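As structure tokens, the structure follows; a few thoughts come after it.
Counting convention: from 1, in listed order, for ligands and their atoms alike. Everything quoted here is computed from the prediction, not taken from an experiment. Hydrogens, waters and symmetry mates are skipped; everything else that's a heavy atom, side chains included, is used.
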Amino acid sequence: MLWLCTWFILLLTSQSLARGLGDTSSLASRRTAPYAVQQPPLTTDWTEQVGTNPWPEYPRPQRQRSEWKNLNGIWQYQAAASLDAVKSPPFGQNLTAEVLIPSCLESGLSGIQATSAVYSWFRTTFTIPNAWRAQNVLLNFGAVDYEATVFVNGQQAGFHRGGYFAFTVDITSFINATTNNELLVYVHDPTDRGNYVIPIGKQRLVPSHIFYTPCSGIWQSVWIESAPANYITQLDLSGDMYGQVNVTVHSASEHSTAVQIAILEDDSVIACADGTSNQPFQFHVPDPNLWSPESPDLYNVTVTLGEDMVSSYLGFRTISRGEVNGIQRPLLNGEFTFLFGTLDQGYWPDGLYSPPTREAMEYDLRVLKDLGFNMVRKHIKVEPALYYRACDELGLLVIQDMPSLRLVENIQESQQQEFVRQLDLMVNQLKNYPSILGWIIYNEGWGQITSYYPEFALTERVRQLDPTRLVDSTSGWHDHGAGDFHDNHHYANPQCGTPFYSTPSTPYDPSRIAIQGEFGGVGHNLSIEHLWNNQAAINTINQTYEMDADLDAWNARGHMLLTELQDQVRQYACSGAVWTQTTDVEGEVNGLMSYDRRVKRVDVQQWRDDIQGLFEAAAERVG
Ligand SMILES: *[C@@H]1O[C@H](CO)[C@@H](O)[C@H](O)[C@H]1NC(C)=O
Ligand SMILES: *[C@@H]1O[C@H](CO)[C@@H](O)[C@H](O)[C@H]1NC(C)=O
Ligand SMILES: *[C@@H]1O[C@H](CO)[C@@H](O)[C@H](O)[C@H]1NC(C)=O
Ligand SMILES: *[C@@H]1O[C@H](CO)[C@@H](O)[C@H](O)[C@H]1NC(C)=O
Ligand SMILES: *[C@@H]1O[C@H](CO)[C@@H](O)[C@H](O)[C@H]1NC(C)=O
Ligand SMILES: *[C@@H]1O[C@H](CO)[C@@H](O)[C@H](O)[C@H]1NC(C)=O
């Protein structure tokens, strides 16, 4: 603890030093508007707690290095004119305004609250700790929406496309170890502008009811770390219910290098193995405690490659699909596990895509866990790594959606190829988290080509990348038989594995697992202080699937719908369901909680009982 505190103080000192140097080394003088949180249409209890040192935690728990320096905090920002602006970067200049990193430029927390942020410049300066001399320096971004061109000390050091994915730039050859270094990032984020058809999830330049304010810019943590010349670039790690561990340690160098892995329990090594970089290898841990929502046991892991060492962690569990008493079921550690979760969109009134703090992000998950949910459907968004870490620790299974393209008639082949490239990025980035149970490729036909059925090939592709999970190829609407699930969407009532259904859903297909990928969505209006105070959004409140006059009616409807689902579990083939939704979002007022998280609509005891009833019905069904 003492060590951690010392490091933290060093970090703060070096960051303020870096900013100080940045100012004095400047040539011309231009004023930068100071940072202040802007008043968003709605705040949370965390808004004022964010301050100017946000997200101090190490951002990548699956591959953690000890020598790191957080670059989050106050940077400079200015709007850029066009795509061509990237050709003339404003090196060595103050930009027009301070901005909080990480944040979405459209959010109040950014300090900018931009209404249009298609082309942007971001700037900061940093120094390299003395201890890193003769080491490589890696610059890491948790996520930048949508395209980032990275310049270090006047030279282009990297480029990345895809608004939801982490990337690393080895900046060793661009930095000066003894002076201040300038980092300039050009961001282009078209969202749904013009002819752009790119993975955007629920973001729209013109929000409307179920589509929300976009997020542009550096919305997850930025940090540098030191590593030896040959270092671990990616770690693929999974453990199953038999104690088998599969590992691939990817390295910066293509040459084969010896690697070591150790599994720890309370600081003692309980198993270790040797292997070679860039080649899968396997070993066995005798009799491990298995991971499950009821007992989410995790093991610490260390991996070394030459002089590089990273810490990670592992859960032992097996996800499969099998027939139990004549019905296709999802199996966790060989047993049918009824899946009950919420549609979890991960939007925040003060931060939009960026949760204001780690505590805020985990608050939502704790509320769900406390009500008895054992799953979340992470809806067409990819979260910061610490979100999945929290699901692993709390014991919440995750069904992860690929962020959708927008709804258009014709998707060009190049747009489809980019969607598929980013689908690969998502699976590779998230596949280590023990809590992830399955992948959703398409939601309700959004971006789903129907002239041929690409979901069959994409399902195989995802299985190749990750053979240890289930695939829900089409969640809602255009189902042609691909994947492990038959997934019905229906509001407000569920139709889960039932012989009745409403088009465009299809009749239940007993060759696959029946799941109700969305239902509920029951709405209830709130007083203005808990609403997203934007007139256009307020005008769409009456589009919410169902509006209930008061909280008693809302909870009564919850009880009716969960009882109906319970009947379907008892009588038919229902293996899981997703209640819409964790919280309100903008003009949608159907959350278990309000958008600001200050109102819990749920009658806690009633919901706990009803949710418990679903698991009991599932247990009785299989006998
Ligand atoms: C940047 O702004 C600071 C004051 O905020 C000023 O001292 C400095 O000269 C400026 N640098 C440039 C390059 O304009
Ligand atoms: C780093 O900056 C110092 C001071 O400006 C300069 O003397 C030195 O040559 C620089 N080193 C590199 C590697 O650019
Ligand atoms: C490990 O790899 C083998 C062979 O590819 C596969 O059958 C097994 O399911 C994998 N196990 C885990 C835990 O990933
Ligand atoms: C993993 O390491 C952390 C600290 O690094 C410790 O708090 C935790 O107890 C360890 N977990 C296990 C299962 O040993
Ligand atoms: C919801 O409540 C807000 C004020 O709290 C009001 O302006 C709006 O008209 C209401 N909408 C509906 C559909 O009840
Ligand atoms: C919803 O409310 C808007 C304005 O508040 C109104 O124009 C519209 O007709 C209403 N729609 C329905 C379906 O009630």
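Figure legend: Arg597 and Trp348 shown as a cation-pi pair, the cationic atom lying under 6.0 angstrom from the six-membered ring centre and within 45 degrees of its axis.
Residue Asn542 approaches ligand 5 through these ligand atoms, each under 4.0 Å from one of its heavy atoms: 13 (C). The ligand atoms of ligand 5 that sit less than 4.0 angstrom from a heavy atom of Ile528 are 5 (O). Atoms of ligand 1 lying under 4.0 Å from at least one heavy atom of Gly92, given by number and element, are 13 (C). Within ligand 5, the atoms closer than 4.0 Å to a non-hydrogen atom of Ile541 are 13 (C), numbered from 1 in the order shown. The atoms of ligand 5 that sit less than 4.0 Å from any heavy atom of Leu531 are 2 (O), 3 (C), 4 (C), 5 (O). Close contacts of ligand 5 with Ser527, meaning ligand atoms under 4.0 Å from a residue heavy atom, involve 5 (O). Each of the atoms 7 (O), 8 (C) of ligand 5 lies under 4.0 Å from some heavy atom of Ile538. For ligand 3 and Gln244, the ligand atoms under 4.0 Å from any heavy atom of the residue are 1 (C), 13 (C).
Nearest protein heavy-atom neighbour of atom 2 (O) of ligand 3: Asn246 ND2, 2.2 Å. Atom 14 (O) of ligand 3 has as its closest protein heavy atom Ser238 OG, 2.5 Å.
Not a single heavy atom of Pro467 lies less than 4.0 angstrom from ligand 3.
With a 6.0 Å radius and a threshold of 12 heavy atoms from other residues, nucleotides or ligands, Asp287 has its CG atom at or below the threshold. Within 6.0 Å of CD on Glu335 lie no more than 12 heavy atoms contributed by other residues, nucleotides or ligands.
The protein does not reach atom 7 (O) of ligand 3 closely, with no heavy atom under 4.0 angstrom from it.
A donor-acceptor distance shorter than 3.5 angstrom exists from the side chain of Thr318 to the backbone of Met241, with no hydrogens or angles considered. Looking at Thr544, its side chain never comes within 3.5 Å of a backbone N or O of Met547 through a donor-acceptor pair.
Aromatic ring pairs are classed by plane angle as parallel below 30°, tilted from 30° to 60° and perpendicular above 60°; the pair Tyr433 and Tyr313 is tilted. Relative orientation of the Phe122 and Tyr77 rings is tilted, given thresholds of 30° and 60° on the angle between their planes.
Between Asn525 and ligand 5, an N or O atom pair is found at a separation short of 3.5 Å.
Arg601 pairs in a side-chain hydrogen bond (donor to acceptor under 3.5 Å, both in side chains) with only one of the listed residues (Asp584, Asn590, Asn555), which is Asp584.
Between Asp484 and Arg463, at least one side-chain nitrogen of the basic residue sits less than 4.0 Å from a carboxylate oxygen of the acidic one, meeting the salt-bridge criterion.
Taking all heavy atoms of Arg317, Met241, Arg469, Gln282 into account, the minimum distance to atom 3 (C) of ligand 3 is reached by Gln282.
Under 4.0 angstrom from ligand 5, the non-hydrogen atoms of Leu526 all belong to its backbone.
Rounding to the nearest 0.5 angstrom, the gap separating the CD atom in Gln76 from the OG1 atom in Thr96 is 8.5 Å.
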